[in-house]
Amino acid sequence: MGASGTTFVLAVLAATVLNSAVLCSGGSTSSFVRKDEKSGDMPLDSDVFNVPPGHNAPQQVHITQGDHIGKAVIVSWVTVEEPGSNTVLYWAENSGHKHKAKGKVTKYKFYNYTSGYIHHCTIRNLEYDTKYYYEVGIGHTTRTFWFTTPPEVGPDVPYTFGLIGDLGQTYDSNSTLTHYEQNPTKGQTVLFVGDLSYADNYPNHDNVRWDTWARFVERSVAYQPWIWTAGNHELDYAPEIGETKPFKPFTHRYHVPFKSSNSTSPLWYSIKRASAYVIVLSSYSAYGKYTPQYKWLEQELPKVNRSETPWLIVLLHSPWYNSNHYHYMEGESMRVMFEPWFVKYKVDVVFAGHVHAYERSHRVSNIAYNVVNGICTPVNDLSAPVYITIGDGGNIEGLANNMTVPQPEYSAFREASFGHATFDIKNRTHAYYGWHRNQDGYAVQADTMWFSNRYWNPIDDSTSAQS
């Protein structure tokens, strides 16, 4: 065979292999290649960890929603030397009248660490869609912040959520937070899908790292609510050093309004915010039949009124659909328990973390599988959520860059990079989603999708995605 014939055969073989790869693949694996190296922790004397000046000045200030409907805010902060004042002064932007709310103080010990005085104060009966200022501290160490309450709950209320997970306190973590702050699509509330400080990665679960992390993120979370989900790095279960109460630092530091949704645990709860109903679940609490979390979710999903809150969003930590070798199948038992409910109640999107990479699925379900029938391949299902893994905040453990090959058909797009996302609700029928990698300019979106609401506009929206 001549040279030209050999070239022709090789070309045909190459095309055949390429076409086979396309047929086996469910989507695209990004061609973007990020430098493969672990993230470095920012030094503890970095300015992002600065302690505010003055004796016993409030630090680690953060807020979250304080009730079920968005008319309350939980303000939390830490004083180190002494309890100080547990009162919050607050006032509407256009009002000179200051109100007072009184909170409670707690502290905890963890091995050889004793926390500062942790304050939690719930401000109630706020007006919707109003900017408020608030003050914590006394005398020369008073600190002032502000937040804006959400619009009144309703079906066509626009609202923009930010999505961050597995953040940590590295240089990449700082890049992620900076990109979120500079994103032209301004998030109004962060949906945080777990793994905050990574204190448990340090000797004896060094709880000083909880303090530094809270000072690091204060620049955002003191001004807009972050909705908390517990991840595996919040467990802090360490019997080898005598610490046998799971989630101790997390639950002392980060209060959530779980009682307002009739939950018996701060690890699972729900809120309404604008046109969204957000359900937070715990991947690391019991969820089998008859357990408290199972019973709560069973009773919670039928309560969602899609005529009032069209967008049904679920947050959890360990993803159910993950085509990365890291943490592969870890969410499977929870999927088996709850996926039929998610399809029945037409959940729009599920955000997870845990895997330190980015991935977005098609709308698929695997509810036909019952172990013995062999029907174990996910199928297209327009009543199913889109599953998005956003555990790419930039933590010390580095990127999860060992993806399964070929890419499974349920996977629409995946990439091993650090970043964040926004979910921009336009009305009851449409929301615009965008994922941003840290290596790009602030306005660049590396993966986007127009979501069509599963209740009001249940069309096939997979063709609206662009990567």
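Since we're looking at a predicted model, the values are computed, not measured. Count residues from 1 along the sequence.
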Parallel, tilted or perpendicular: which one describes the rings of [X] and [Y], with boundaries at 30° and 60°?
| X | Y | result |
| --- | --- | --- |
| His420 | His436 | parallel |
| Trp341 | Phe338 | parallel |
| Phe342 | Trp320 | parallel |
| Tyr321 | Tyr387 | tilted |
| Trp77 | His119 | parallel |
| Phe250 | Trp210 | tilted |

Problem - Charged tip of Lys346 within 45° of Tyr455 ring normal and under 6.0 Å - result: no

Problem - Lys/Arg cation over aromatic Tyr128: Lys71, 6.0 Å, 45° cone - result: yes

Between [X] and [Y], is any side-chain donor less than 3.5 angstrom from a side-chain acceptor?
| X | Y | result |
| --- | --- | --- |
| Asn86 | Tyr117 | no |
| Gln60 | Asp211 | yes |
| His430 | Asn453 | no |
| Ser365 | Arg335 | no |

Exercise for the section: Would you please indicate yes or no on a ring centroid separation below 6.0 angstrom for His205 and Tyr198? Expected result: no

Practice task
Under the salt bridge (Lys or Arg N to Asp or Glu O under 4.0 Å) rule, what do Asp447 and Arg414 come out as? Steps first, then yes or no, please.
Solution key: CA-CA 9 Å; Asp447 182 43; Arg414 59 187 187 173; over 6 Å; no

